[in-house]
Each structure stands twice: as structure tokens, then as C-alpha cells.
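Taking it in order: structure first as C-alpha cells, then the write-up.
One-based numbering, in listed order, for ligands and for the atoms of each. Numbering of residues begins at 1 and proceeds along the displayed sequence.
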Amino acid sequence: MMRNKSTHFILIAIAILNLFTACNFKNRKKADTEIQKPNIVIIYTDDLGYGDVSAYGATEIQTPNIDKLAKNGVMFTDGHATSATCTPSRYGLLTGVYPWRNENAKILPGTAPLIIDTEQTTIPKMLRENGYHTGIVGKWHLGLGAGVVDWNKKIVPGPNDVGFDYSFIMAATQDRVPTVYIENGEVVGLDPNDPIEISYSKNFEGEPTGKDNPELTRMKWHHGHNNSIVNGIPRIGFMKGGEKAKWKDEEMADVFLKMAKQYVLSNKNEPFFLYYAMQQPHVPRTPNERFVGKSGMGPRGDVIVEADWCVGEFINFLEKEGLLENTLIIFSSDNGPVVNDGYFDDSVEKLGKHTPSGILRGGKYSLFEAGTRVPFFTYWKGKIQPKVSDALVCQLDIYASLAELVGSSDKTNDSKPMLDVFMGKSNSGREELILEATSRTALRQGNWIMIPPYKGSPLNKWVNIETGNSPEYQLYNLSDDVVQHKNLAGSNKEKLDEMIVTFKKLRGNNKDVTELELK
Ligand code: NG6
Ligand code: CA
């Protein structure tokens with residue numbers, strides 16, 4: 001059959017249109033795959049050391065669930081927290097800003113005001129602007145309120161004012177009052193007839209304390225931790241009232257796990273970001289009875305086994321919900337390990353051959369490697385190929401890397417975009433990194449670390465950890481001396497001077513630093 005002119009025209013038009021739609025579809029698909037918005041979960045432990053995880057070489061304790069993620073993801077052997085203590089570390093993680101830039105980023109009492117500026121950009125804020133629902137379940141320890149907090153009213157500002165749509169937290173630490181959960185700024189289970197009062201300076205009349213009433217305690221204090229007694233455990237700080245709202249320590253792991261799952265269930269239909277900040281193995285170590293005696297290493301080992309179980313439960317839950325293939329998981333710890341952190345809890349006596357810091361020197365509070373070098377890995381089923389990476393990475397860089405992932409142009413000066421490293425596609429980690437421990441700083445450059453001279457004892461005798469303090473400069477080459485036993489400051493003055501110059505440049509105008517002299 002002959003076609004007339006107009007039929008021809010129509011056919012050509014349709015063909016052109018088809019071509020356009022095909023191209024368009026192709027383009028659209030490309031854009032969709034370039035910018036991915038997987039769910040993002042940061043699982044953050046408290047004081048878990050480099051040597052506490054069997055994937056990282058622990059032999060005396062087994063962490064099969066954590067190992068499964070580590071071994072099927074990118075397992076970093078040189079991954080760091082920004083600091084060797086909690087508050088500064090969490091500040092660095094969430095804001096992408098070095099904690100030593102904020103003089104308030106030090107271990108905070110439970111009454112401290114919020115130390116993140118509500119105008120400041122944070123991981124949850126950045127993700128929220130990019131279509132994520134954002135939640136935190138677990139330990140906060142970044143301060144609450146703007147001055148004196150009334151715990152009986154809505155507590156603001158807090159996590160919900162720095163980017164989290166949902167929050168279920170403990171204010172500070174498990175060993176600090178207030179010992180209550182706070183959900184979106186409100187104390188959970190508070191009885192208005194039994195208001196909460198908190199003080200870090202003096203006791204409330206008639207209230208027992210660990211110091212004066214040891215007969216009321218079931219866990220004895222070793223150093224600090226002798227103020228108010230809650231559930232038979234003496235704490236840091238004084239608390240009155242709020243009886244019904246007080247948490248039960250042995251249930252905390254289950255409560256946080258339940259709330260983490262609940263958060264996911266409520267928000268699984270949109271991209272979500274969950275910061276699951278577990279309390280283990282920080283003191284007081286209070287395993288649920290299901291885990292008591294399971295490690296053979298006393299409560300510290302038992303709560304690590306408990307934390308490992310929680311990780312397994314949470315991952316199985318994501319799998320069951322069909323979310324695992326679409327969820328990027330980042331696992332790490334806020335600082336290095338400590339064995340005796342203020343209670344007689346058998347952790348020293350029952351440690352046996354276990355070495356929480358692995359082969360590394362130091363631990364929590366220390367400028368030596370074990371202060372900040374912690375278990376650190378990324379896992380994304382089907383997207384990340386198993387790999388052990390020796391790239392130098394820091395939690396500070398999670399901010400910029402997640403920004404890269406979701407296509408955000410948000411930046412901070414300190415956080416370096418390293419998505420390819422976290423995805424296991426590249427090995428080029430950081431060249432330079434400033435590490436912090438109890439307000440002292442050191443410079444890591446390539447495989448070298450330079451620790452400037454610091455006053456103070458070389459050993460924190462309370463916790464039996466080497467601090468890194470020395471009247472002399474320390475310079476170590478970690479490529480053949482990861483244990484930091486050979487101080488090369490005297491023999492390699494050229495490298496030392498080069499590092500002092502870089503350190504001064506990076507740290508900027510700070511008295512401690514500007515007074516440092518070249519050798
Ligand atoms: C210290 C506590 C320690 C722990 C730490 C904070 C004393 C003597 N020691 O001051 O037990 O609570 O603060 O730990 O009170 S962190 O992991 O939150 O940084
Ligand atoms: Ca900690």
C-alpha cells in the first residue's frame with residue numbers, strides 16, 4: 001500500500017520522538033544511578049578498642065556479627081576517631097570540624113549546654129536537606145540546653161535542633177546523671193509529682209552517695225563515681241527525683257536496639273539516616289543476664305559480646321525488612337579502650353591474655369595510637385566488595401564523604417571527601433591528620449607521627465594508660481614501628497622539623513603550638 005506524504009511525516013515524527021524519549025530515559029537513568037540515596041546507618045560503640053574485635057585479631061573474645069560486616073566490607077586498619085575521648089570525638093564525627101577548634105569539646109558533665117551551634121552544619125542536617133529522615137538512638141554526650149536545664153520541661157536545644165528529626169538518647173554517659181532516656185527533648189516516663197533535679201556541684205539533702213553509703217552499692221567505685229547511687233551503682237553527679245523514669249542499666253542494650261529498629265520501621269519508606277550510638281563497653285558495664293559470664297572475661301567482655309549480639313540482631317532485622325542491599329553501614333568506636341575506668345568490676349582481674357588495644361600503644365585518653373585508632377569499617381551488601389584497606393581515614397571525613405554520596409555541595413574546611421576510599425575503590429586516604437587526646441594534639445603525616453612535648457605524667461595511673469606526655473618531642477615511623485617504641489626525634493631532625501612546621505600551619509594560632517621550637 002502506498003503511503004501518502006502526511007503518513008510519512010507522522011512516521012518520521014514518531015521516530016524522532018522515540019529517539020528523544022529513549023535518550024531522555026537514558027539520561028534520566030544515568031542521573032539516577034550517579035546520585036544514590038541509600039539509607040545510611042552509623043553504628044558507633046563507646047570505648048571499643050582496636051584489639052576488641054576478632055576481625056581485628058582478637059583471639060580471646062569472639063565478635064562474629066561485627067566480624068561478618070568487617071570481613072564483607074572495607075575493613076580499615078588505620079581508621080581513626082578524631083579524639084581519644086567521647087565528646088570531642090562525637091563532635092568531630094557529626095560536624096566534620098576538628099574538635100580542638102571548639103574549646104568546649106571536652107568530656108562534658110550531664111548538665112553541660114549543647115556544644116554544637118544550632119547554625120552549624122552537621123551530617124544529619126546535610127542529609128535532611130537532601131531528602132533524608134534523620135534519627136539518633138543512644139548516647140549523645142554533646143550537651144543539652146542553653147544554660148541551666150529544667151529536666152521536667154522540654155529540653156532544648158538538643159539533637160533535634162542540630163539536624164535530627166527523631167532522638168532517643170541518654171544525655172551524657174551511662175556513669176553520669178541524669179540516668180534517664182530522653183525522647184525528642186522529653187524525659188521518658190517522667191512523673192510530674194516526682195520532678196528531677198540534677199547538680200554536678202553538690203548533693204541534695206538526705207540523698208545517699210557512693211562515698212558515704214557504700215553499703216547501698218552493688219558495684220564499688222575505684223576512682224570518681226562516688227556521687228548519687230542509681231540502681232545500686234554510684235555515678236558521677238547528683239540526682240534527686242525521677243524514680244520511675246530512671247533507666248535499668250541491664251536493659252539498656254535491649255532498649256536502644258528496640259528503638260533503633262522502631263526508628264527504621266517508621267521511616268523505611270524514605271531514605272533514612274540512623275546514628276545508632278551504643279553504650280558498650282563504657283562503664284558501668286552492665287550486661288543483660290543473657291550475657292553474664294558469656295565471655296569468661298567479666299563484665300567488660302560480656303558487654304562486648306552483648307554489643308556484638310545487638311549488631312547481629314540489627315543487621316538481621318534490616319535483612320528481613322529487605323533493606324540491607326540499600327543501606328550503607330559505617331561501624332566505628334568513639335575512642336580507644338580502657339580496662340579500669342573507675343569501678344571495681346573485675347575487668348582487670350579477668351582480662352587474662354586479652355589486649356583491648358591490640359598491638360598498639362596507649363588507649364583511651366592517650367596520644368599514642370590506641371587512643372584514636374579504632375575498629376572502623378564500611379559495609380554495603382552488593383555494593384562494597386570485601387577488602388582490607390590500610391588507607392589513613394578519620395571519622396572527620398564521613399561528613400564530606402556522605403555529602404559526595406548524596407550529591408550535596410555542603411563542605412567544611414576540615415572534612416575531606418573520601419567516598420571512593422570508603423567504598424573500597426581507592427586507597428588514597430589522608431596525607432595529614434591532627435589527632436587529639438584530652439586537649440593535646442599530635443600530627444600524623446603519611447606513616448609518621450609527631451607528638452610535641454607535653455607537661456604532665458607519662459602514665460595516667462588511675463586507668464593505667466600511657467598518656468603520650470613527654471618533655472621531649474616524639475617521632476615515630478609507623479610503617480616499621482606501629483608499636484611506637486623507637487623515638488626518632490633525635491636521629492631524624494629533618495623530618496621532625498618538617499612536621500613541626502606542618503603542625504603549626506594546620507593548628508594555626510594557638511599558644512601551645514606557636515611556642516613550639518624547631519630542633
Ligand atoms: C571520665 C570518667 C570516666 C568516663 C570518662 C568519659 C572519672 C574518674 N572518670 O572523667 O569514667 O566517664 O570521663 O568517657 O570520673 S567518654 O568515653 O564519655 O569520654
Ligand atoms: Ca567513649
Side chains of Asn227 and His225, donor plus acceptor under 3.5 Å: no
Parallel, tilted or perpendicular, as decided by the 30° and 60° cut-offs, for the rings of Phe273 and Phe164: parallel
Under 3.5 Å, N/O to N/O: give me all the pairs between ligand 1 and the protein, one per line with atom names and distance.
residue  : atom   : partner : partner atom : Å
ligand 1 : 10 (O) : Arg176  : NH2          : 3.3
ligand 1 : 11 (O) : Asp175  : OD2          : 3.2
ligand 1 : 11 (O) : His225  : NE2          : 3.0
ligand 1 : 11 (O) : Asp341  : O            : 2.8
ligand 1 : 12 (O) : Asp175  : OD1          : 3.4
ligand 1 : 12 (O) : Asp175  : OD2          : 2.7
ligand 1 : 12 (O) : Arg176  : NH1          : 2.8
ligand 1 : 13 (O) : Arg176  : NH2          : 3.0
ligand 1 : 14 (O) : His282  : NE2          : 3.0
ligand 1 : 14 (O) : Lys364  : NZ           : 2.8
ligand 1 : 17 (O) : Asp46   : OD1          : 3.4
ligand 1 : 17 (O) : Asp47   : OD1          : 3.1
ligand 1 : 17 (O) : His282  : NE2          : 3.4
ligand 1 : 17 (O) : Lys364  : NZ           : 3.0
ligand 1 : 18 (O) : Lys139  : NZ           : 3.0
ligand 1 : 18 (O) : His141  : ND1          : 3.4
ligand 1 : 19 (O) : Cys86   : N            : 2.9

Aromatic ring pairing Tyr263/Tyr166, orientation class (parallel under 30°, perpendicular over 60°, tilted between): parallel
Flag, side chain of Tyr454 to backbone of Thr441, donor-acceptor distance under 3.5 Å: yes
Around the Ca ion (ligand 2), number of protein N/O/S atoms which are nearer than 3.0 Å: 5
List, one per line, each side-chain donor-acceptor pair under 3.5 Å for residues 236-246, sequence neighbours excluded.
residue : atom : partner : partner atom : Å
Glu243  : OE2  : Lys246  : NZ           : 2.7

Point-to-point distance, once rounded to the nearest 0.5 Å, from CD1 of Ile42 to CD1 of Ile40: 8.0 Å
With sequence neighbours excluded, residues passing salt bridge (charged side-chain N to carboxylate O under 4.0 Å, His left out) with Asp67: none
Ser415 (side chain) donor-acceptor with Thr412 (main chain) under 3.5 angstrom: no
Whether Thr179 side chain and Trp247 backbone form a donor-acceptor pair below 3.5 Å: no
